[in-house]
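Note that the structure is predicted; figures quoted are calculated from it, not measured. Order of the sequence lines sets the chain letters (A, B, ...), proteins ahead of strands, with each chain counted from 1.
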There are 2 protein chains.
Amino acid sequence: MGTADNFINLNSASLKTACESCSLHQLCLPLELAHDDIAELDKIIKRTKPLHRGDYLFEMGDPFTSLYAIRSGSIKTFTSTDEGEEQVTGFHLPSEIVGLDAIISSHHPCSARALETTSVCEIPFERLEALGQKIPGLQRQLLRIMSKEILTDQDMMVWLGKKSAEERLAALLLRISSRFRDRNFSAMEFNLSMSRTDIANYLGLAVETISRLFSRFQQEGLLRVDRKYVEITDYEGLRQMAGIAPDCHHHQ
Amino acid sequence: MGTADNFINLNSASLKTACESCSLHQLCLPLELAHDDIAELDKIIKRTKPLHRGDYLFEMGDPFTSLYAIRSGSIKTFTSTDEGEEQVTGFHLPSEIVGLDAIISSHHPCSARALETTSVCEIPFERLEALGQKIPGLQRQLLRIMSKEILTDQDMMVWLGKKSAEERLAALLLRISSRFRDRNFSAMEFNLSMSRTDIANYLGLAVETISRLFSRFQQEGLLRVDRKYVEITDYEGLRQMAGIAPDCHHHQ
DNA sequence: ATGATTCATTGATTTACATCAACTTTATGT
DNA sequence: ACATAAAGTTGATGTAAATCAATGAATCAT
């Protein structure tokens, strides 16, 4: 399922740059970027060895130096409250960028851990900023990505503030499905890399509630669930459960 | 209470630029910017006539052309769900910038209305972007502002997901207080420009709950409340009510 | 001013979800 | 392979906050 297939190309970067041959190319890069510009961008990106399940990409409080684009796998970001309990602030899938919330303060306000084996591109921010100065399209893309993040978070606020437990879970599943579709994975069946506890935490609910909801959704024929594996058997039904038409195609 | 005091300077822009003489100068502009740069930024900013209570700054779906910096007054932003009910996504005070969530999609994903008489600076985004290309400090500032917005929203997600009604209201009051302090207004007494309904909506609670909480906070000696006027009489107590030390000084 | 409308407060009742508890299934490590 | 731990499920009970309902205060319009 989308392993780090481009790793081999790295050193033998002959015809194409690694970025150009990456399957996430179209999602993670500004489409307007010229070949030469991509090559320049490619130069500043560091490819690090894959993370294993539970590995930290960075920890809350770490100095901020780089953004990270996810190539394969998945990441959860979370903050730790004073009392030590954690709050999941997001799940991040391939082509998405983590670390944007750190730009303001020069240290990471949240931690990021791999939910499964995950490979990322490290993008040193100083160099990205400098490059953005030269390439207008890149600068624009960066602003657009951040704008999208703001939009997603505001969307989430609406869900947390207004929606019932079943609406929240249904909406989350639809959003994940939609994101998989965007990456040309199956939108109708996938593995959830995160635990029920993480889902509950993210949605502001109790684990037991999530468990019960998965059971109910299955009983009602919306899903087939087997452990982490989820198959959406009634897409329209699930949409209705989510409170009608949250049109997840627009904002991830 | 912070009226549009600089309006007169506009046409008689003799010695200083309007931006430079604005009381929000230090908050809304990058500190590193040189005099000439400020002058250039100043040129692209349009100052429009003040909005009155209830006036729209923009409506959901409107084409996105400009960001808006609030000079005085306050704005609420909100989305309308399919069923027509609104969800307040933020309250915005002087020096804060609204419209950042529209950059991605070229139209506004939310509406913005004045909560009281409010004056704003309109900043055409195209021109700002072009200017950012020339002035590195401006570009950086823009990214930092967006990063801060992401951080604030994620913070809000934590509150909505995890905190009790009393914690949410206490935290909101502290955050507002903190923002007033930053702008050199009194942090211990202020007028809430938004209605109880808006507060309830924003916090994902019922109006009645807000009402009861204001009464209780007053009974317990944390606040003195008279209609929109709020005086914090026990700051530490309010912090405790908010669930201990959300240190509101860092992230607005 | 005066009635009409919107906004705010307070009480009584209901409910969605959390919490507590017991148990089962799936991972993990030696 | 086995023991131990972690994660997930299901049921019983409790509770915070929503909803319903009635009344009072403030703002708006004529």
Side-chain angles (χ1 to χ4, degrees), chain A residues 52-55 76 83 85-88 113-117 159-172 191-220 223-230 241-243, chain B residues 52-55 76 83 85-88 113-117 159-172 191-220 223-230 241-243:
Chain A
H52 297 111
R53 184 166 191 280
D55 286 353
K76 76 164 174 182
E83 301 92 48
E85 37 169 9
E86 73 180 49
Q87 164 70 36
V88 175
R113 297 182 81 176
L115 289 165
E116 60 194 312
T117 303
W159 284 100
L160 290 176
K162 280 257 172 323
K163 306 293 182 171
S164 68
E166 61 181 23
E167 287 173 314
R168 293 185 210 183
L169 182 59
L172 176 63
N191 279 288
L192 296 171
S193 57
M194 65 294 284
S195 68
R196 303 286 140 109
T197 308
D198 283 338
I199 294 175
N201 189 309
Y202 180 60
L203 296 178
L205 298 168
V207 206
E208 294 94 327
T209 304
I210 299 297
S211 212
R212 276 183 256 268
L213 283 173
F214 269 120
S215 304
R216 261 191 43 210
F217 285 1
Q218 182 155 266
Q219 272 172 26
E220 295 174 21
L223 302 177
R224 275 196 34 58
V225 183
D226 177 24
R227 189 90 186 119
K228 305 240 167 193
Y229 172 82
V230 172
M241 188 64 83
Chain B
H52 298 113
R53 185 167 191 279
D55 286 352
K76 77 165 173 181
E83 301 93 47
E85 38 169 6
E86 73 179 51
Q87 164 70 36
V88 176
R113 296 182 80 176
L115 289 166
E116 60 193 310
T117 302
W159 284 99
L160 289 176
K162 280 258 172 322
K163 307 292 181 171
S164 69
E166 62 183 21
E167 287 173 314
R168 293 186 209 182
L169 182 60
L172 175 64
N191 278 288
L192 296 171
S193 56
M194 66 294 285
S195 68
R196 302 288 138 107
T197 308
D198 283 338
I199 294 175
N201 190 309
Y202 179 61
L203 296 178
L205 298 168
V207 206
E208 294 93 326
T209 305
I210 300 297
S211 215
R212 276 183 255 270
L213 284 172
F214 269 120
S215 303
R216 260 192 44 210
F217 284 2
Q218 182 156 263
Q219 271 172 24
E220 295 174 20
L223 303 176
R224 275 196 31 63
V225 184
D226 178 23
R227 189 87 186 123
K228 305 241 166 191
Y229 173 81
V230 171
M241 187 63 81

Just the rounded figure in Å: distance from [atom2] of [N] to [atom1] of [X].
| X | N | atom1 | atom2 | answer |
| --- | --- | --- | --- | --- |
| A:K228 | D:dT9 | NZ | P | 10 Å |
| B:M194 | C:dC7 | CE | P | 15 Å |
| A:I199 | D:dT9 | CD1 | P | 9 Å |
| B:L169 | D:dA17 | CG | C1' | 14 Å |
| B:R212 | D:dA18 | CZ | C1' | 9 Å |
| A:I210 | D:dG8 | CD1 | P | 11 Å |
| A:D226 | C:dT24 | CG | P | 19 Å |
| A:E208 | D:dG14 | CD | P | 16 Å |

Heavy-atom count check: over 12 atoms from other residues, nucleotides or ligands less than 6.0 Å from B:R216 CZ? yes
Give one of base, sugar-phosphate or nothing for [X], where a contact means two heavy atoms less than 4.0 Å apart.
| X | result |
| --- | --- |
| A:S211 | base |
| A:A165 | sugar-phosphate |
| A:R216 | nothing |
| B:G204 | sugar-phosphate |

Lys/Arg N to Asp/Glu carboxylate O, B:K76 vs B:E86, below 4.0 Å: yes
Got a salt bridge between A:K162 and B:E85, using NZ or NE/NH1/NH2 to carboxylate O under 4.0 Å? no
For [X] and [N], is the shortest distance between a side-chain N/O and OP1 or OP2 below 4.0 Å?
| X | N | result |
| --- | --- | --- |
| A:T197 | D:dG8 | yes |
| A:R168 | C:dC17 | no |
| A:R227 | C:dT25 | no |
| A:T209 | C:dA18 | yes |

Would you name the heavy atoms of B:L160 and B:G204 that are closest together and state the gap between them? CD2-N, 4.3 Å
Do A:E166 side-chain and C:dC17 base share a donor-acceptor contact under 3.5 Å? no
Measure from the side-chain heavy atoms of B:L205 and tell me the nearest of D:dA17, D:dT9, C:dA8. D:dA17
In this structure, which one of A:T197, A:L172, A:I210 forms a side-chain contact (heavy atoms from CB on, under 4.5 Å) with A:Y202? A:L172
